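The next block holds one structure in the form of structure tokens; read it before the comments.
These numbers come from a predicted model, not from an experiment. One-based numbering, in listed order, for ligands and for the atoms of each.
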Amino acid sequence: MSSVPPADRAAEIRARLDAVSTGPWSTEYNDYGDEWWFGGSSGDGENVLSFGDDDCGVLAGRHRSEAALIANAPTDLAYLLGRVEELEGQRGAVGALHVRERRYTDPDGNGSWTTAARCSAEADIPMAEVEHFDICAHCGELEMSFSVPIADYMDAMWPCATAKALGLGEATDET
Ligand SMILES: [Zn+2]
């Protein structure tokens, strides 16, 4: 949409917003609906903008900052919504990688299996003794690929740092 770097564009929008001294704004209509105005619902009570029979789009002269915010609102909002969608998409892609995965182990924590049945069979213990814990599937895969020989899970325990940062990581619930 724009070649302006996101941080610069956001700073421009922030400056426009910060320059507005009135507000919060509210809109008002007269009883006949043929006149409306908006302005600060608190503060000096002066309307920023009014339309009607007597005031055909009068922007009070000293409200240049308000005018700049209003004039840029459509493009600023479109830009910001685009950024939200872009960032949500990135967040979703990262979140799709860092998902909780249940692993099964024996009472001593020796080994990690993807199913309780495999744990029972390969650790040679009754199903009732199989225990479980949760890891991040992605971080676990990375961690294990770097560990020779296979070590305990460390940073891959659920929730991993990425899952926590994304607000995905509830403490492991017992299900
Ligand atoms: Zn992770």
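Applying the 6.0 Å contact sphere to CG of Asp108 captures more than 12 heavy atoms from other residues, nucleotides or ligands.
Between the side chain of Thr105 and the backbone N or O of His132, no donor-acceptor pair lies under 3.5 Å. No donor-acceptor distance shorter than 3.5 angstrom exists from the side chain of Glu129 to the backbone of Pro107, with no hydrogens or angles considered.
Of all protein N, O or S atoms, those under 2.8 Å from the Zn ion (ligand 1) number 4.
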Which pairs of donor and acceptor atoms, one on a side chain in residues 84-92, lie under 3.5 Å apart (sequence neighbours left out)?
from  : atom 1 : to     : atom 2 : distance (Å)
Glu86 : OE1    : Arg83  : NH1    : 3.4
Glu86 : OE2    : Arg83  : NH1    : 3.3
Arg91 : NH2    : Leu166 : O      : 2.3

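Judged by a 6.0 Å distance limit and a 45° cone about the ring axis, Arg9 is positioned over the six-membered ring of Tyr79.
Between the OG1 atom of Thr162 and the NE2 atom of His138 there is a distance of 7.5 Å, given to the nearest 0.5 Å.
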